[in-house]
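Computed from a predicted structure; not experimentally measured. The analysis underlying the following values was restricted to heavy atoms, covering all of them including side chains, and did not include hydrogens, waters or symmetry mates. Residues take their numbers from the sequence shown, with the count starting at 1.
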Amino acid sequence: MLQVTLETPGRFVAGEVPAASAGEGRALVRVQRIGVCGTDLHAFRGRQPFFTYPRVLGHELGVEVIDPGAGAGKLRAGDRCAVEPYLNCGTCVACRNGRSNCCVSLSVLGVHQDGGMREVIAVPPEKLHVSDRLSCEQLALVETLAIGAHAVERAGLTRGELVLVIGAGPIGLSVVQFAQASGARVIVMDASPARLDLCRTRWNVPHVVDARSPTAQADVMEAGGGDLPAAVFDATGNPESMHASFRWPCAGGRLIFVGLVQGDIAFNDPEFHRRELTLLATRNARPETFRAIIDAIESGRIDTAPWITHRLALSEVPERFPAIAVAPELFKAMISV
């Protein structure tokens, strides 16, 4: 069985490993598609928190069930599934309160333990979300979309509310899709003209703002009819942007950190209190969010067509990944197995 391992930052190695089996409490699945996300790129560059080498990457997975294992309920061989890669304990206070996405001992496939850059993997059957209508490529996009969907859930957006999304990468645009679906009025800010153009043409965002412009704040307020946004999502994973993001919400507004950085984030406390801001972290997604996203894609409410810009085979990863990782036009790469 082929497996690709990130041995050290910047160096993938392909090799053969023994065939896996279902095992107790595990279903055996054949990996068909693997999405590449910012977590993988940060790991490749040596800038991923909570990470050790060597590691088999891959947590955005579209798979087909080989052996559902014992006690797998309605799961059947041949089922196509999205994988929920967040392995939680089920007993801690977060899990007991329905917050398994922030389990105190959470282990994420492809981050804290080896993931899906291989032909076959064994996973808990309850982490498999079945669709008989979506392709494995679409199912591999569900985890990325889940990050944005959960962030929007955390923000509690209401119809007509003004929203600013800072950072037009894949995570930021997953926020955009679900903010739009909630009926919010969306503004996107980024430093890349190419990504802002993508927002206009592929995601139909009516208002985009160049973060480098000296008139950025005036541009945001103009798009908001003179108001600052009620909810601001920072999806940059950039400490300078996250420091600066406290100035964007309106009085009584919310700031939602979707991106993650190593180190501390500081803010001016009197200004924070003056506007009585609410600061929210958002991490991963809950199981019900995966199911809701699959339903949304199946019904056509969420379109996956604009997402993928690069494709490669698993066997090509050691050779091609370094160039793709720095490609200026990269949005989402998809690996076929």
Side-chain angles (χ1 to χ4, degrees), residues 2-15 31-49 51-63 82-83 85 108-111 114-119 121 135-148 167-174 176-177 190-199 201-203 235-238 258-261 303-337:
L2 178 64
Q3 175 177 291
V4 175
T5 304
L6 184 61
E7 289 283 344
T8 59
R11 182 172 180 266
F12 281 104
V13 175
V31 180
Q32 300 284 7
R33 295 292 187 275
I34 308 159
V36 176
C37 86
T39 297
D40 303 315
L41 296 173
H42 291 318
F44 179 73
R45 295 165 184 153
R47 299 201 300 264
Q48 177 60 36
F51 197 85
T52 58
Y53 302 85
R55 178 66 68 223
V56 178
L57 301 182
H59 62 278
E60 299 180 359
L61 306 176
V63 304
V83 176
V108 180
L109 292 174
V111 181
D114 286 344
M117 276 198 186
R118 52 178 117 176
E119 292 184 80
I121 187 173
S135 68
C136 284
E137 188 158 283
Q138 289 175 302
L139 290 163
L141 292 169
V142 170
E143 196 273 343
T144 284
L145 292 167
I147 303 300
I171 296 303
L173 283 173
S174 71
V176 167
Q177 281 199 304
D190 198 275
S192 165
R195 288 198 167 181
L196 292 177
D197 186 61
L198 196 69
C199 290
T201 57
R202 289 195 183 187
W203 271 270
T236 63
N238 179 291
V258 193
L260 173 68
V261 295
D303 181 15
T304 60
W307 279 86
I308 301 165
T309 56
H310 293 70
R311 287 182 171 85
L312 68 164
L314 181 62
S315 61
E316 297 175 314
V317 167
E319 180 181 355
R320 292 188 59 198
F321 196 98
I324 287 176
V326 296
E329 72 278 15
L330 174 66
F331 189 71
K332 172 67 68 176
M334 186 64 65
I335 299 169
S336 58
V337 182

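Side-chain atoms of Asp190 come within 3.5 Å of backbone N or O of Ala168 as a donor-acceptor pair. A distance-only check finds a donor-acceptor pair linking the side chain of Asp114 to the backbone of Val56 [under 3.5 Å]. Panel note: side chain Thr309, backbone Phe331; a donor-acceptor pair is recorded below 3.5 Å. The closest donor-acceptor contact from the side chain of Glu316 to the backbone of Ala313 lies under 3.5 Å. Using modelled atom types, no side-chain atom of Arg33 and backbone atom of Ile335 make a donor-acceptor pair closer than 3.5 Å. A donor-acceptor contact shorter than 3.5 Å links the side chain of Lys332 to the backbone of Val36. Between the side chain of Arg45 and the backbone N or O of Ala325 there is at least one donor-acceptor pair closer than 3.5 Å. No donor-acceptor pair under 3.5 Å is formed between the side chain of Gln3 and the backbone N or O of Arg118.
The CZ atom of Arg202 lies 11.5 Å from the CZ atom of Arg195; values are rounded to the nearest 0.5 Å. Expressed to the nearest 0.5 Å, how far CZ of Phe51 lies from CG of Asp40 amounts to 8.0 Å. Put simply, CD1 on Ile121 and CD1 on Ile34 are 9.5 Å apart, with the number rounded to the nearest 0.5 Å. The line from CG of Leu141 to OG of Ser135 is 8.0 Å long, rounded to the nearest 0.5 Å. Remark: Leu109 CG to Glu60 CD distance equals 12.5 Å, nearest 0.5 Å. A distance of 11.0 Å separates CD in Glu329 from OG in Ser192, rounded to the nearest 0.5 Å.
Within the 4.5 Å cutoff, the side chain of Phe12 has heavy atoms near those of the Leu57 side chain. With contacts defined as side-chain heavy-atom distances shorter than 4.5 Å, the pair Pro85/Glu143 qualifies. Gln32 has its side chain out of reach of Leu61: every pair of non-hydrogen atoms, C-beta onward, lies at least 4.5 Å apart. Counting only heavy atoms from C-beta outward, the side chains of Leu2 and Ser315 approach each other to under 4.5 Å. By the 4.5 Å heavy-atom criterion applied to side chains, Phe321 and Leu41 are counted as neighbours.
Residue Arg320 comes nearest to Leu312 through the heavy atom pair NH1-CB, 3.3 Å, listed as atom of the first residue, atom of the second, then distance. What you find for Leu314 and Glu119 is that their closest heavy atoms are CD2-N, 4.4 Å. Nearest heavy atom pair, residue Trp203 against residue Gln177, reads NE1-CG, 3.1 Å. Heavy-atom minimum distance, Ser174 versus Leu145: CB-CA, 4.0 Å. Considering all non-hydrogen atoms of both residues, Ala333 and Ile324 come closest at CB-CG2, 4.1 Å. Taking every heavy atom of both residues into account, Val317 and Val4 meet most closely at CG1-CG1, 3.8 Å.
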For this session: Under the side chain to side chain contact (heavy atoms under 4.5 Å, CB included) rule, what do Cys199 and Leu173 come out as? Steps first, then yes or no, please.
Result: CA-CA 8 Å; Cys199 290; Leu173 283 173; 3.7 Å; yes
Problem set entry | Full working for side chain to side chain contact (heavy atoms under 4.5 Å, CB included) between Val261 and Asn238 | CA-CA 7 Å; Val261 295; Asn238 179 291; 5.7 Å; no
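The local environment of CD in Glu7 is crowded, with over 12 non-hydrogen atoms from other residues, nucleotides or ligands closer than 6.0 Å.
Using modelled atom types and a 3.5 Å distance limit, the side chains of Trp307 and Glu137 yield no donor-acceptor pair.
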